[in-house]
Number of protein chains: 2
Amino acid sequence: MHNEENNEKKSTMNPCEQLDEETLFMVSQTFKALSDTTRIRILHLLSQRECSVNEIAEELSLLQTTVSHQLRFLKNLRLVKFRRAGTTLYYSQDDQHVMDLLQQAIHHACHD
Amino acid sequence: MHNEENNEKKSTMNPCEQLDEETLFMVSQTFKALSDTTRIRILHLLSQRECSVNEIAEELSLLQTTVSHQLRFLKNLRLVKFRRAGTTLYYSQDDQHVMDLLQQAIHHACHD
DNA sequence: TTAATATATGAGTATATATTCATATTTAAT
DNA sequence: ATTAAATATGAATATATACTCATATATTAA
């Protein structure tokens, strides 16, 4: 039996075994962002290309204000960023790691 | 510029570029499971070891009925399974892929 | 069969969330 | 300065969700 060694090695490789309050909250927030179909569609679109608010609304058949509200949500979590061009704001992804999580889940869902 | 080649390669590697209704729903459900702090704590515990309902409740300082309700949620999504031993039900993880998503998010949150 | 233990279930309540409508803000053009 | 276009914001509403209490079910032992 090598329990102590194993535990030691495991905790070296994965120092997140005990979930502190802060980590727990961050993780839940991240997944909450990915748990709504509207936000998933927006993020999935932004994973393919930069879009203005109106472009997102048209492409996904959503109201502009719905898109704006969700973009604010995603922006607060720093999952998206934007650049301004005149009165138009172009949004794009800003967290490759979270986009990877989304892509993995989509891939998994597609193949089951 | 190799855009066409890149696109072709990307769509070969990732055949899930357009999200159908069913995939979208599955993905949102999966992330919804991971978006609640109570469920995260339960899944995180079950990623380490098999536990009875009461063990989970004690370990996480939750009411038994709260744990039962959340386990039902997770069982419906086939994220956990259980075996019976007398009157005791031992729950364990049942979807390694989703556990990987959780572990990645925890790791990411811990290191930012 | 009765009692004890472990777990599940249903109803009620409180909170969170997504969407919509109305309107405000910002930028650029005339 | 006005106007138009793009986006953001706040309030209201409807729905979803998590938790708790009371109670039901299931398994085992006496």
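Sequence lines set the chain letters: A, B, ... in the order given, protein chains first and strands last, and positions in each chain run from 1. Everything numeric here is computed off the predicted structure, so don't read it as measured data.
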Discussion item. Can you list everything that forms a salt bridge (Lys or Arg N to Asp or Glu O under 4.0 Å) with A:Arg83? Sequence neighbours excluded, please.
Written reply: A:Glu50
Worksheet item: Side-chain N or O of A:Asn54 less than 4.0 angstrom from OP1 or OP2 on D:dT7?
Response: yes
Fill in: Close residues, residues 27-39 of chain A, relative to DNA chain C [heavy-atom separation under 4.0 Å]
A:Lys32, A:Asp36, A:Thr38, A:Arg39
Worksheet entry | Main-chain N/O of A:Ile40 paired with A:His44 side-chain donor or acceptor, under 3.5 Å | no
Discussion item. Below 4.0 angstrom, which residues in residues 61-80 of chain B have at least one non-hydrogen atom near DNA chain D?
Written reply: B:Leu63, B:Thr65, B:Thr66, B:His69, B:Gln70
Discussion item. Angle between the end axes of the helix from C:dT1-D:dA30 to C:dT30-D:dA1, five pairs per end, to the nearest 10 degrees?
Written reply: 10°
Worksheet item: Rounded to the Å, how far apart are A:Tyr90 OH and D:dA6 P?
Response: 10 Å
Worksheet item: Taking only residues at least two apart or on different chains, which pairs with a member in residues 16-39 of chain B satisfy ring pair (Phe, Tyr, Trp, His ring centres under 6.0 Å)?
Response: A:Phe31-B:Phe31
Sequence neighbours excluded and cut-off under 3.5 Å, please list the side-chain donor-acceptor pairs for residues 61-70 of chain A, or say none.
residue: A:Gln64; atom: NE2; partner: A:Ser68; partner atom: OG; Å: 3.1
residue: A:Gln70; atom: OE1; partner: A:Arg39; partner atom: NH1; Å: 2.9

Discussion item. Is the shortest side-chain heavy-atom distance between A:Lys81 and A:Lys75 below 4.5 Å?
Written reply: no
Worksheet, complete the sentence: So OG1 of A:Thr37 and CG of A:Leu60: to nearest 0.5 Å the spacing works out to 10.5 Å
Discussion item. Apply side-chain contact (heavy atoms from CB on, under 4.5 Å) to residues B:Gln103 and B:Met99 and explain how you reach the verdict.
Written reply: CA-CA 6 Å; B:Gln103 190 51 51; B:Met99 292 311 244; over 6 Å; no
Worksheet item: For DNA chain C, which nucleotides open and close the run of contacts to chain A, 5' to 3', at under 4.0 angstrom from a non-hydrogen atom?
Response: C:dT17 to C:dA28
Worksheet item: How would you list all residue pairs meeting side chain to side chain donor-acceptor pair (under 3.5 Å) that involve residues 87-100 of chain B, not counting sequence neighbours?
Response: A:His108-B:His97, B:Gln93-B:Gln96, B:Gln96-B:Asp100
Discussion item. Under 4.5 Å between side-chain heavy atoms, counting indirect links through other Ile/Leu/Val/Met/Phe/Trp/Tyr residues: same cluster for B:Phe82 and B:Ile42 or not?
Written reply: yes
Practice prompt. Round to a whole Å and report the spacing from CZ of A:Arg84 to P of D:dA5.
Written response: 17 Å
Response to the item:
Residues pairing under salt bridge (charged side-chain N to carboxylate O under 4.0 Å, His left out) where one sits in residues 55-66 of chain B, two or more places apart or in two chains, turn out to be B:Arg49-B:Glu59
Discussion item. Holding to side-chain contact (heavy atoms from CB on, under 4.5 Å), I want the full list of residues that pass it with A:Asp20, two or more places apart in sequence or in another chain.
Written reply: A:Glu22, A:Thr23
Discussion item. Distance check, rounded to the nearest 0.5 Å: B:Leu34 atom CG versus B:Leu79 atom CG?
Written reply: 7.0 Å
Worksheet item: Do A:Leu71 and A:Leu89 have side-chain heavy atoms sitting under 4.5 Å apart?
Response: no
Worksheet item: Do the side-chain N or O atoms of A:Tyr91 get closer than 4.0 angstrom to the phosphate oxygens (OP1, OP2) of D:dA6?
Response: no
